[in-house]
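Here is the structure we will look at, set down as structure tokens.
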Amino acid sequence: MTVPPPADLVVAVAPGRVNLIGDHTDTTGGLVLPMAIDLATTVRGRPGGEQVVLTSDDEAEPAVVPLDVGDPATIEPAWARYVAGVVAELRPTAGFTGTVSTTLPLGAGLSSSAALEVAVALALGFDGPTLDLAQLAQRAEQRASGVPCGIMDQLASAAGVDGAALLIDCHDLAVAPVALPDDVEVRVVHSGEARRLAGSAYAERRSAVEAAEEELGPLRLLSDPAEVDRLTDPVLRRRARHVVTENGRVRDFATALAAGDVALAGELMAASHASLRDDFEVSTPALDRLVEQLSGLPGVHGARLTGAGFGGCAVALTRPGALDEGWAVRPAAGAAVVGADRAG
Ligand code: GLA
């Protein structure tokens, strides 16, 4: 009897992301400007069997997901729901046994879950356009977490470009690289506060902007913030004003970066934070203090909360070496299968 050779080793790597500007705009087809970062999640293993079995350096319990998994949100341990979400969306014909490791801080707002979904999809054999990969991973995230998230995190992880941030139009999903000037550094600093209520408050904000759109039409088509004054509900007016003004700031930020105008880029980040704090109300006192403190330091062009808010991280654009706290991150290439051989 001959012993079959072991299946090929597959190594898939997907980066996290930091959003430089444009938060809570993706769900209404607006503009965002994230970058994939040089902190990433790696899935390594071999296809085969009837289930997906992944052990993680950071988790006590493995993820064990049958290929015919039902509702991903019911799977334990909780981290395995993201794996189950991908399995439920991709329905691979073979299982997989391997490991997950990451250099990303977990649950800090750098899209560790998006990186996991994208890396798992590639490891399980996803083969198709980058946008399809991102959309599959977005659906996996929604099914796993129950949060009606937008496309930004998964698309940034899938479509990252070495050396460039990504201007993404979330309506037509066009991705345009915007090179970062040589003389800047991007720093991510944790507020010390875990994200709270992120799921339910995120969904509530999303419904509010949808309610505003029922009266005003697509917010992405409004360029004059005064148009939101037609809304009679003061809360909806503030939510809509954030989205309309933030879309404008993303456009201006992309132009400022391309022109190397880091002072203007920093001012736009400050205005974005104020809008997220006052109009969209997703900041926290700890994030406000952190952003204020970072913004006052020499060599810091601008700072703002990044991602969904309700805790988590701030991002700062600085002169190289101006800050030594947090993580210095570089714009990195998107997810890829980096190795498949019989040697490992
Ligand atoms: C989370 C979501 C994204 C986006 C941001 C806020 O990261 O997953 O789709 O909405 O919040 O900009």
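We count ligands from 1, going down the list as the structure has it; atoms in each ligand are counted the same way. Because the structure is predicted, anything quoted here is derived from the model rather than measured.
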- [ ] Would you tell me whether Thr255 and Arg251 have side-chain atoms, one donor and one acceptor, within less than 3.5 Å of each other?
- [x] no
Task: Top protein contact for atom 12 (O) of ligand 1, by heavy-atom distance - done: Asp23 OD1, 2.5 Å
Task: Ligand-residue contact atoms, ligand 1 with Met152, heavy atoms, under 4.0 Å - done: 4 (C), 5 (C), 12 (O)
Task: Side-chain donor-acceptor pair present, Glu193, Thr284, cut-off under 3.5 Å - done: yes
Open item on the list: Evaluate Glu76 against Glu61 for side-chain contact (heavy atoms from CB on, under 4.5 Å), listing each step before the verdict.
Closed with: CA-CA 9 Å; Glu76 296 291 345; Glu61 298 284 318; over 6 Å; no
Task: Winner among Val282, Thr306, Asp26, Leu110 once heavy atoms are compared against atom 9 (O) of ligand 1 - done: Asp26
Task: Closest protein heavy atom (residue, atom, distance) for atom 10 (O) of ligand 1 - done: Tyr202 OH, 2.6 Å
Open item on the list: Looking only at the side chains, is there a donor atom on one of Ser272 and Arg249 sitting less than 3.5 Å from an acceptor on the other?
Closed with: no
Task: Numbered atoms of ligand 1 (with element) below 4.0 Å of Arg17, judged on heavy atoms - done: 7 (O)
TODO: Specify the protein heavy atom at minimum distance from atom 8 (O) of ligand 1: its residue, its atom name, and the distance to 0.1 Å.
DONE: Asp153 OD2, 2.7 Å
Open item on the list: Students often mix this up, so state it plainly: with edges at 30° and 60°, are the rings of His24 and His242 parallel, tilted or perpendicular?
Closed with: perpendicular
TODO: Please say which of Leu166, Val161, Leu180 ends up in a side-chain contact (heavy atoms from CB on, under 4.5 Å) with Met35.
DONE: Leu180
Task: Ligand-residue contact atoms, ligand 1 with Gly150, heavy atoms, under 4.0 Å - done: 9 (O)
Open item on the list: Can you name the atoms of ligand 1, numbered from 1 with element, that are less than 4.0 Å from a heavy atom of Gly307?
Closed with: 6 (C)
